[in-house]
K.L.:
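Sharing a structure, written as structure tokens. Questions coming.
The figures here come from the full heavy-atom set of this structure, side chains too, leaving out hydrogens, waters and symmetry mates. Just so it is clear, the structure is predicted and the values come from calculations on it, not from any experiment.
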Amino acid sequence: MCLIIVIVGPAILYLLTLAPTILWEESAGWTLSVQQQEIDFFKSAAHGLHTILGILFSQIPFISSDLAYSQNFMSAFFGWLALLMLYAILFKLTGLPIAALIGTISLAVSQLFWHLSVITEVYSLFAFFTFLQIYILLSWRQSQRFYWLGLLGLALVGGLLVHTMTILFIPFFAIWVYYWSRQKKLVLILLSIIMLSGFIFFIFTTPGQNIGHHFITRTKLVFNNYIIPAQLPTQLLLYPFYLFYQFPLIGLFIGVLGILNCWKKDRSLLVFLSSLFISNIMLSSISYLRRAPYHALISYLVWAIMVGYGWPFVQEYFKNKRRSIIILIGLIILLPFLLYYLIPRWANQFNIELTPLARRIPAGSTNTYYLRPAKRHYTQTAQFVQEIIANLPTEPGIIFTEINVSAPLQYYINKGEKISPQLVLPDDLFGEPKVVIWQRIQALIESNLQRGRKAYLTNEKNFVVITQKKEYFNIVPLIKNEYQLTRHGNYLWEITFK
């Protein structure tokens with residue numbers, strides 16, 4: 001019965017709340033990669049496998065009429081598969097179907113996992129591979145059959161081809177493969193051979209396709225532009241609130257019980273899971289705030305395991321109180337629904353932005369978009385972009401636009417919409433001093449205006465660039481101070497001389 005609930009419940013929830021079309025931010029970017037069939041394992045944080053699978057899903061007959069919808073559906077599918085893997089992990093650890101169900105459902109209705117399972121993103125696929133890796137490692141610990149190591153290697157490679165964050169976790173898997181092995185010398189030799197083979201493959205590849213060069217170049221770009229150590233203290237202080245939002249009240253408490261239960265019964269497992277949890281929190285805390293909330297996903301996956309592990313404590317305490325157990329299960333499911341409805345609504349009522357400046361969307365409520373997972377009937381991105389296209393002139397010029405708009409805009413251009421102005425993105429200006437960034441922007445505006453060309457903004461509130469000092473620099477106030485802004489329609493702003 002518990003397994004049936006896990007199979008049916010999340011599938012219905014995600015299908016009913018699935019986004020119907022193109023969305024903001026990099027969600028549109030991944031759809032764009034499929035549309036253009038850009039399979040690249042080096043330039044975009046190694047999301048190539050996601051693109052390959054996206055192309056396959058775009059050919060499924062009953063969802064292929066809208067490419068964006070087919071990609072949203074793929075996220076839901078792999079989110080559902082990830083939950084099945086979590087159920088298998090918890091059943092292996094506890095032997096209790098009800099404990100596996102509780103941990104799985106607590107993750108299924110958590111804000112971030114739910115959100116990432118109904119939009120186009122790489123993270124539901126990444127969650128599937130992460131749970132698969134953990135399940136295989138636990139199976140290796142139990143049976144010591146060497147084919148499990150081969151499967152673990154394939155799962156880690158799969159995770160790496162979805163997201164390079166996997167690199168952070170590979171050492172922990174290697175350490176615990178060795179620690180749990182009963183034939184340590186043989187395993188050490190095997191791990192050494194695998195590492196040496198990987199190093200040789202990494203360094204020596206065909207000319208022009210050197211993986212080492214691509215990886216080093218990409219790593220430098222990430223650290224120069226997207227890693228911001230100064231955020232660490234603030235983000236670490238905020239993390240308990242993020243965790244509470246994912247597992248409100250009951251889930252948070254049961255997760256703590258799970259840590260205590262794991263410490264009592266299986267300390268080595270707790271140390272392994274803690275290594276994933278802590279390293280992921282540290283990484284997400286120094287990541288560029290536009291992506292940082294998504295980067296924290298692995299810590300929530302680990303917490304869901306702890307929720308399942310903590311349920312036996314709860315069941316023992318309420319051994320003869322069936323009604324109390326039913327109420328607790330109901331609260332685990334219903335509290336998130338209530339919280340995700342009320343928090344964005346209250347924040348909007350009191351004009352409080354709970355999301356960082358770097359994540360603001362140009363139309364509608366940013367709070368509602370990010371903090372309320374359900375995306376059924378959400379067509380605001382499509383309407384926004386189509387109106388911009390309708391108001392753009394045919395002559396050349398420039399448009400200052402963030403990835404929130406640029407990716408869906410390019411998606412519609414590829415579908416046949418024609419625009420002439422060139423897109424200018426924050427990524428084109430990252431890593432410079434504020435003065436240099438502003439000088440470059442002024443030069444772009446004035447060179448176009450002086451030649452009789454047009455210059456536009458798609459968001460009259462913010463255009464955020466990360467400076468050389470890793471500060472978030474919003475250039476819109478400077479543009480407003482130096483130039484005249486004239487609205488065209490609801491969402492397009494023309495920049496002219498005062």
K.L.:
Nearest heavy-atom pair of Ser117 and Gly79: which atoms, and what distance?
P.N.:
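For Ser117 versus Gly79, the nearest heavy atoms are OG-CA, 3.7 Å.
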K.L.:
Are Ile60 and Ser70 side-chain neighbours, meaning at least one heavy-atom pair lies under 4.5 Å?
P.N.:
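Heavy-atom side-chain distance check fails, nothing below 4.5 Å.
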K.L.:
Return the OG to CD distance between Ser33 and Glu26, rounded to the nearest 0.5 Å.
P.N.:
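Taking OG in Ser33 and CD in Glu26, the distance rounds to 9.5 Å.
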K.L.:
Kindly write out the residues that satisfy side chain to side chain donor-acceptor pair (under 3.5 Å) with Tyr370, not counting sequence neighbours, or none if the list is empty.
P.N.:
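Only Glu25 meet the side chain to side chain donor-acceptor pair (under 3.5 Å) criterion with Tyr370.
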K.L.:
Please round to the nearest 0.5 Å and tell me the distance separating atom CD of Gln380 and atom CD1 of Ile22.
P.N.:
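One finds 14.5 Å between CD of Gln380 and CD1 of Ile22.
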K.L.:
Only one of Phe126, Phe129, Tyr294, Phe169 clears ring pair (Phe, Tyr, Trp, His ring centres under 6.0 Å) with His163; which?
P.N.:
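Of all the options given, the one that passes is Phe126.
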K.L.:
Out of Leu101, Ile98, Ile105, which one pairs with Ile329 under the side-chain contact (heavy atoms from CB on, under 4.5 Å) rule?
P.N.:
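Among the candidates, only Ile98 passes.
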K.L.:
State, to 0.1 Å, how close Leu49 and Gly158 come at their nearest heavy-atom pair, and which atoms those are.
P.N.:
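Shortest heavy-atom contact: CD2-O, 3.7 Å.
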K.L.:
Looking only at heavy atoms, which two atoms of Leu354 and Ala347 are closest? And how far apart?
P.N.:
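It is CD1-CB, 3.7 Å.
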K.L.:
Rounded to the nearest 0.5 Å, how far does CH2 of Trp180 lie from CD1 of Ile175?
P.N.:
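The CH2 atom of Trp180 is 11.5 Å from CD1 of Ile175, to the nearest 0.5 Å.
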K.L.:
About how many Å separate CD of Gln183 and OH of Tyr178, when rounded to the nearest 0.5 Å?
P.N.:
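Going from OH on Tyr178 over to CD on Gln183, the span is 12.5 Å.
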K.L.:
Less than 4.5 Å apart, any side-chain heavy atom of Gln231 and any of Ser285?
P.N.:
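Side-chain contact under 4.5 Å: no.
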K.L.:
Between Phe272 and Phe173, is the gap from one ring center to the other below 6.0 Å?
P.N.:
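Yes, ring centres under 6.0 Å apart.
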K.L.:
Aromatic rings His115 and Tyr369: how do their planes relate, parallel, tilted or perpendicular, breaks at 30° and 60°?
P.N.:
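Aromatic pair His115/Tyr369 classed perpendicular.
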K.L.:
In terms of the angle between their ring planes, are Trp24 and Phe384 parallel, tilted or perpendicular, with boundaries placed at 30° and 60°?
P.N.:
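Plane angle over 60°, so perpendicular.
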K.L.:
Going by the ring pair (Phe, Tyr, Trp, His ring centres under 6.0 Å) test, name the single residue among Phe146, Tyr147, Trp176 that passes it with Trp140.
P.N.:
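Only match with Trp140 under ring pair (Phe, Tyr, Trp, His ring centres under 6.0 Å): Phe146.
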K.L.:
Is it true that, when you exclude Tyr239 itself, more than 12 heavy atoms of the residues, nucleotides or ligands shown sit nearer than 6.0 Å to its OH?
P.N.:
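Yes.
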K.L.:
When the side chains of residues 300-315 are checked against the rest of the protein, which donor-acceptor pairs come out under 3.5 Å, sequence neighbours left out?
P.N.:
{"residue": "Trp303", "atom": "NE1", "partner": "Gly251", "partner atom": "O", "Å": "3.4"}
{"residue": "Trp311", "atom": "NE1", "partner": "Gln315", "partner atom": "OE1", "Å": "3.2"}

K.L.:
What distance do Trp30 atom CH2 and Ile119 atom CD1 have between them, rounded to the nearest 0.5 Å?
P.N.:
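Going from the CH2 atom of Trp30 to the CD1 atom of Ile119 covers 11.5 Å.
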K.L.:
Do Phe113 and Tyr123 have their ring centres less than 6.0 Å from each other?
P.N.:
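No - the distance between ring centres of Phe113 and Tyr123 does not fall below the 6.0 Å cut-off.
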K.L.:
For residues 83-93, which side-chain N or O atoms pair as donor and acceptor with protein atoms under 3.5 Å away, sequence neighbours left out?
P.N.:
{"residue": "Lys92", "atom": "NZ", "partner": "Gln142", "partner atom": "OE1", "Å": "3.0"}

K.L.:
Roughly how far apart are Thr31 OG1 and Gln35 CD, rounded to 0.5 Å?
P.N.:
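Between Thr31 OG1 and Gln35 CD, I get 8.5 Å after rounding to 0.5 Å.
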K.L.:
What is the minimum heavy-atom distance between Ile167 and Pro171, and which atoms define it?
P.N.:
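In terms of heavy atoms, the two residues are closest at O-CD, 3.2 Å.
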K.L.:
Kindly determine whether Ser268 and Asp266 satisfy side chain to side chain donor-acceptor pair (under 3.5 Å), including the steps that lead there.
P.N.:
CA-CA 6 Å; Ser268 62; Asp266 196 342; 3.3 Å; yes
